[in-house]
Structure formats: structure tokens, C-alpha cells
Amino acid sequence: MFAVLKTGGKQYKVQSGDVLRVEKLAAEAGETVQFNEILMLDGQVGAPIVDGAAVQATVIDQIKGDKVIHFVKRRRKHGSQRTKGHRQQLTLLRVTEILASGGAETGVKAAIGAGSVAGAPAAEPKAAKAKAPKAAEAAAGDDLKKLPGVGPAMEKKLHEAGVTRFAQIAAWTDEQVTAMDTRLGLKGKIVNDGWVALAKDLAGKA
């Protein structure tokens, strides 16, 4: 079985046992994380994600990519030149399990980016969104607009971050809450409005 997952704005085709490098996740070496944004599972294509599917992986280490040298030279009256180096922060992990269903009920820590701008998923093209049936969007997860301060725009951002179920929010650790708060620019709203506690209650009623 193979799956195509999305994280950090990139797509990865994986099988159980694969080792891959993704943009830095908020996780420590030895932790198990779960990717919930699964675009394809074997021959099943999501709309936009496969409902209930998930990929679990164990974090091996936090590493840095190869150094990239950027040289800029401006030919002006006095001239200027500048050399800059950059090493992308990455997470090395091993795929341990591919779930065809029940991903929202596992309680495994969601794979969330470390909060960098580069780690934010790219926006979905408008044309693709227009083609997706509204019924499929509704079936993709819970109505996150029941949380305080979450409207259609914020719900869309949560979906892009791979958060579609109350059970996922209910399982957030303090570290994940901080990372998601920074990523979405919520300025403490998750803690102040008690999202985690309310999500636990809503997940139980779902």
C-alpha cells in the first residue's frame, strides 16, 4: 500500500518503511507523529483528502539540508556584492504505518510544522476548489466553526494545516498548541478560548 501525503507545501509518495526528509516538524527524536492530509491512498484519490486516512511515522532526528549559496552583485556607480548561505531545517523520519481509515481516532500526535513561513502549506488553486463538491468537503471532517472565533476563513486555514476533526484538536499537547497558534497568527486564542477542552466535549458528541 502506498499513500501520497502533503506537508510543508510539498507532496510525498510513501510506503511503510520509507525514510524521508520533510520541512521541520514540531517533534522530538523518537516521537511518533501522524500526517492527516492524505491526497491519495493506492488508487483512491481524495476530494481533496482521503477521509479517515493517515500516515504514521517515527521521528529519527532533526537535521539541516545542504548549504545553498546565494550571490548577488549589483553593477552601479559604486557597485555592491553580497554572499549569503542558507541551510534548510528538516525532519528525518521513517514511515511506520499507513491507515486506510480511523486516522482521527488514533490519538497520535499530529505532524505540525515548526512555525516557519516556509513550512506553511501553499494555498489551493481556486479552480481546484471550485471543482470540489460541497458534499465531499462536508464529509471531510467535523464542523470546526463550532469553536469560538472560527469562521469559514479560519476553518479553511485549519484544513490546510491538516486539522479536520475535533479529536485532533483534543489531542494537542502544549507544544502543538503553541506551534499552531504561531502558524495561524491567533495570538493566544487557542488557550484563551479553551479550544482543546471544548474540542474534547464536541468530539464525544460527534
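The minimum heavy-atom distance linking Glu23 with Tyr12 is given by the pair N-OH, 4.3 Å. Minimum heavy-atom separation, Ala199 to Leu147: N-CD2, 4.4 Å. Between Gly107 and Ala171, the shortest heavy-atom distance links the atoms O-CB, 4.3 Å. The shortest heavy-atom contact between Gly103 and Ala54 is CA-CB, 3.9 Å. Heavy atoms only, all atoms of each residue included: Ser16 and Glu97 are closest at OG-N, 4.4 Å. In this structure, Ala167 and Ala203 approach most closely via the heavy-atom pair N-CB, 3.9 Å.
Although no hydrogens or angles enter the test, the distance criterion places a donor-acceptor pair under 3.5 Å between the side chain of Glu155 and the main chain of Leu144. Judged by distance alone, the side chain of Asp18 and the main-chain N or O of Gln15 form a donor-acceptor pair under 3.5 Å. Judged by distance alone, the side chain of Gln88 and the main-chain N or O of Asp66 form no donor-acceptor pair under 3.5 Å.
Contact check on Glu105 versus Arg165 returns no salt bridge, with no Lys/Arg side-chain nitrogen under 4.0 Å from an Asp/Glu carboxylate oxygen.
Residue Ile38 is grouped with residue Ile98 when hydrophobic side chains (ILVMFWY) are merged at heavy-atom distances under 4.5 angstrom, including chains of intermediate members. Val108 and Trp172 fall into different hydrophobic clusters, defined by Ile, Leu, Val, Met, Phe, Trp and Tyr side-chain heavy atoms under 4.5 Å apart, directly or through other members. Under the 4.5 Å side-chain contact rule for hydrophobic residues, Met154 and Val177 share a cluster. Note on Val150 and Ile169: same hydrophobic cluster, where clusters join Ile, Leu, Val, Met, Phe, Trp and Tyr whose side-chain heavy atoms are under 4.5 Å apart, directly or indirectly. Leu99 and Ile49 fall into different hydrophobic clusters, where Ile, Leu, Val, Met, Phe, Trp and Tyr residues are linked whenever their side-chain heavy atoms come under 4.5 Å apart, directly or through other members.
Looking only at side-chain heavy atoms (C-beta outward), Val50 and Leu39 stay at 4.5 Å or farther from each other. The closest side-chain heavy-atom distance from Thr7 to Val22 is below 4.5 Å. Using a 4.5 Å heavy-atom threshold, the side chains of Leu184 and Leu158 count as touching. Put simply, the side chain of Ile190 reaches to within 4.5 Å of the side chain of Met180, judged on heavy atoms. Here the side chains of Pro152 and Lys145 are in contact, with some heavy-atom distance below 4.5 Å. Considering only heavy atoms from C-beta on, Lys200 stays 4.5 Å or farther from Leu202 through its side chain. Counting heavy atoms from C-beta outward, Leu93 and Thr58 have side chains that stay 4.5 Å or more apart. Put simply, the side chain of Asn36 does not reach to within 4.5 Å of the side chain of Val163, judged on heavy atoms.
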- Run the side-chain contact (heavy atoms from CB on, under 4.5 Å) check on Gln11 and Leu5 step by step: do they pass? CA-CA 6 Å; Gln11 298 177 14; Leu5 62 88; over 6 Å; no
- Start with the C-alpha gap between Leu41 and Met1, add the side-chain angles, then the distance that decides, and say whether side-chain contact (heavy atoms from CB on, under 4.5 Å) holds. CA-CA 8 Å; Leu41 187 68; Met1 179 184 292; 3.9 Å; yes
- Task: For the pair Val95 and Leu20, evaluate side-chain contact (heavy atoms from CB on, under 4.5 Å) and give the outcome as yes or no after the intermediate values.
- Result: CA-CA 8 Å; Val95 177; Leu20 67 153; 3.5 Å; yes
- Query: Would Leu25 and Phe35 satisfy side-chain contact (heavy atoms from CB on, under 4.5 Å), going step by step from the backbone distance to the final call?
  - Reply: CA-CA 11 Å; Leu25 302 175; Phe35 296 92; 3.8 Å; yes
- Message: Assess the residue pair Gln62 and Thr91 against the criterion (side-chain hydrogen bond (donor to acceptor under 3.5 Å, both in side chains)); give the C-alpha distance rounded to whole Å, side-chain angles, the decisive distance to 0.1 Å, and a yes or no.
- Response: CA-CA 5 Å; Gln62 298 289 1; Thr91 297; 2.6 Å; yes
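With a 6.0 Å cutoff to the six-membered ring centre and a 45° limit on the axis angle, Lys13 counts as a cation-pi contact of Phe2.
For the side chain to side chain donor-acceptor pair (under 3.5 Å) with Lys109, the lone residue among Gln168, Glu175, Gln56 that qualifies is Glu175.
Environment of NZ in Lys64: sparse, with no more than 12 heavy atoms of neighbouring residues, nucleotides or ligands closer than 6.0 Å.
Distance check: Leu186 CG to Trp195 CH2 gives 5.0 Å after rounding to the nearest 0.5 Å. Between Thr178 atom OG1 and Arg183 atom CZ the span is 14.5 Å, to the nearest 0.5 Å. For the atom pair NZ of Lys24 and CD1 of Ile112, the computed distance is 14.5 Å after rounding to the nearest 0.5 Å. If you take CD on Gln176 and CG on Asp181, they are separated by 13.0 Å, rounding to the nearest 0.5 Å. Separation of atoms CZ (Phe166) and CG (Asp201) is listed at 10.0 Å; rounding is to 0.5 Å.
Annotation for Leu92: hydrophobic cluster partners, listed by chain and number, are Val19, Ile60, Ile63, Leu90 (ILVMFWY side-chain heavy atoms under 4.5 Å, direct or chained).
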